[in-house]
Amino acid sequence: QVQLVESGGGLVQAGDSLRLSCAASGRTFSSYYMNWFRQAPGKEREFVAAISWRAGSKYYADSVTGRFTISRDNAKNTVYLQMNSLKPGDTAVYFCAAGTIVRLPDGMRYWGKGTLVTVSS
């Protein structure tokens with residue numbers, strides 16, 4: 001059974017940092033891109049960042065470039081999203097997803113259940 005389990009969300013103040021984790025299990029993800037998406041209340045799900053599991057290539061949304069960093073630990077089958085200089089606009093449920101492409105939610109094959117990040121001003 002394929003599972004993506006996110007953790008690390010919470011309530012922080014503007015300017016703080018958080019690190020999200022996505023633990024993957026149930027299959028080999030070496031040919032996949034691991035994506036992070038987020039969805040704020042009343043808004044559509046949007047792309048945040050992605051990493052190629054095999055090559056380590058990284059992709060970011062313009063809104064998080066320079067503040068967020070995506071990384072992976074192959075030995076632990078875990079992907080991380082380091083979020084610095086958080087803003088109230090970053091408040092959302094953050095989802096981990098695996099697919100053969102990046103950026104497009106419809107192209108993801110597997111999804112986690114999400115972890116809530118709340119940034120207070």
Side-chain angles (χ1 to χ4, degrees):
Q1 180 182 1
V2 174
Q3 281 192 313
L4 300 178
V5 180
E6 303 95 336
S7 61
L11 172 63
V12 296
Q13 293 186 334
D16 285 352
S17 299
L18 272 178
R19 189 178 79 159
L20 305 183
S21 300
C22 172
S25 62
R27 66 157 294 150
T28 301
F29 289 92
S30 59
S31 61
Y32 280 73
Y33 293 89
M34 302 301 292
N35 291 251
W36 285 98
F37 292 86
R38 67 186 181 186
Q39 188 165 19
K43 294 188 177 181
E44 294 187 352
R45 194 166 297 189
E46 66 171 355
F47 170 77
V48 176
I51 188 167
S52 165
W53 199 278
R54 178 175 294 154
S57 305
K58 301 177 182 181
Y59 310 83
Y60 296 97
D62 290 344
S63 59
V64 306
T65 297
R67 299 189 299 123
F68 291 11
T69 302
I70 190 170
S71 62
R72 75 201 193 292
D73 184 329
N74 290 351
K76 295 184 178 180
N77 247 22
T78 300
V79 176
Y80 303 99
L81 185 68
Q82 177 67 43
M83 306 187 295
N84 298 330
S85 302
L86 283 162
K87 305 174 181 179
D90 295 318
T91 296
V93 177
Y94 284 71
F95 298 90
C96 177
T100 55
I101 61 173
V102 301
R103 299 185 184 274
L104 299 178
D106 289 348
M108 299 301 110
R109 182 166 184 181
Y110 304 106
W111 287 91
K113 293 183 179 180
T115 185
L116 176 62
V117 172
T118 303
V119 184
S120 64
S121 57

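What's counted below: heavy atoms across the whole structure, side chains too, no hydrogens, waters or symmetry copies.
For the atom pair F29 CZ and R72 CZ, the distance stands at 14.5 Å (nearest 0.5 Å). Distance check: Y80 OH to I70 CD1 gives 12.0 Å after rounding to the nearest 0.5 Å. Taking NZ from K113 and SG from C96, the interatomic distance works out to 14.0 Å, rounded to the nearest 0.5 Å. Atom CG of N77 and atom CD of Q3 lie 12.5 Å apart (nearest 0.5 Å). To the nearest 0.5 angstrom, Q13 atom CD is 9.0 Å from S121 atom OG. Rounding to the nearest 0.5 Å gives a distance of 9.5 Å between CD of Q39 and CD of E46.
Placement of F47 and F95 within a single hydrophobic cluster is found when ILVMFWY residues are connected by side-chain heavy-atom separations under 4.5 Å, directly or transitively. Transitive grouping of hydrophobic side chains (ILVMFWY, heavy atoms separated by less than 4.5 Å) brings Y110 and V48 into a common cluster. Under the 4.5 Å side-chain heavy-atom criterion for ILVMFWY residues, a single connected hydrophobic cluster contains both V117 and V64. Cluster annotation: L81 and L4 are assigned to the same hydrophobic cluster (Ile/Leu/Val/Met/Phe/Trp/Tyr, side-chain heavy-atom contacts under 4.5 Å, transitive). Hydrophobic clustering of Ile, Leu, Val, Met, Phe, Trp and Tyr side chains at less than 4.5 Å, counting indirect connections, keeps V102 apart from V79.
Stacking of R109 on the aromatic ring of Y32 is not recorded, the 6.0 Å distance cut-off and the 45° axial limit not both being met.
In this structure a side-chain-to-backbone donor-acceptor pair under 3.5 Å is missing from S52 to S57. Under the 3.5 Å distance criterion, the side-chain polar atoms of T78 are left unmatched by any main-chain donor or acceptor of N74.
Classification of the W111-F37 ring pair by plane angle, with boundaries at 30° and 60°, yields tilted.
The environment of Y33 atom OH is sparse: at most 12 non-hydrogen atoms of other residues, nucleotides or ligands sit within 6.0 angstrom.
V12 has its side chain out of reach of M83: every pair of non-hydrogen atoms, C-beta onward, lies at least 4.5 Å apart. Contact annotation: the side chain of R38 approaches that of S63 to within less than 4.5 Å [non-hydrogen atoms, C-beta and beyond].
Contact between S17 and S85 at its shortest, heavy atoms only, is OG-N, 4.3 Å.
By the salt bridge (charged side-chain N to carboxylate O under 4.0 Å, His left out) test, R54 is found to be paired with no residue, residues two or more places apart in sequence or in another chain being considered.
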Check the pair M108 / N35 against side chain to side chain contact (heavy atoms under 4.5 Å, CB included), numbers first and verdict last. CA-CA 8 Å; M108 299 301 110; N35 291 251; 3.4 Å; yes
Under the criterion side chain to side chain contact (heavy atoms under 4.5 Å, CB included), I'd like the reasoning laid out for E6 against L20: C-alpha separation, chi angles, the key distance, then a yes or no. CA-CA 7 Å; E6 303 95 336; L20 305 183; over 6 Å; no
Taking it one step at a time, do Y60 and T69 satisfy side chain to side chain contact (heavy atoms under 4.5 Å, CB included)? CA-CA 8 Å; Y60 296 97; T69 302; 3.8 Å; yes
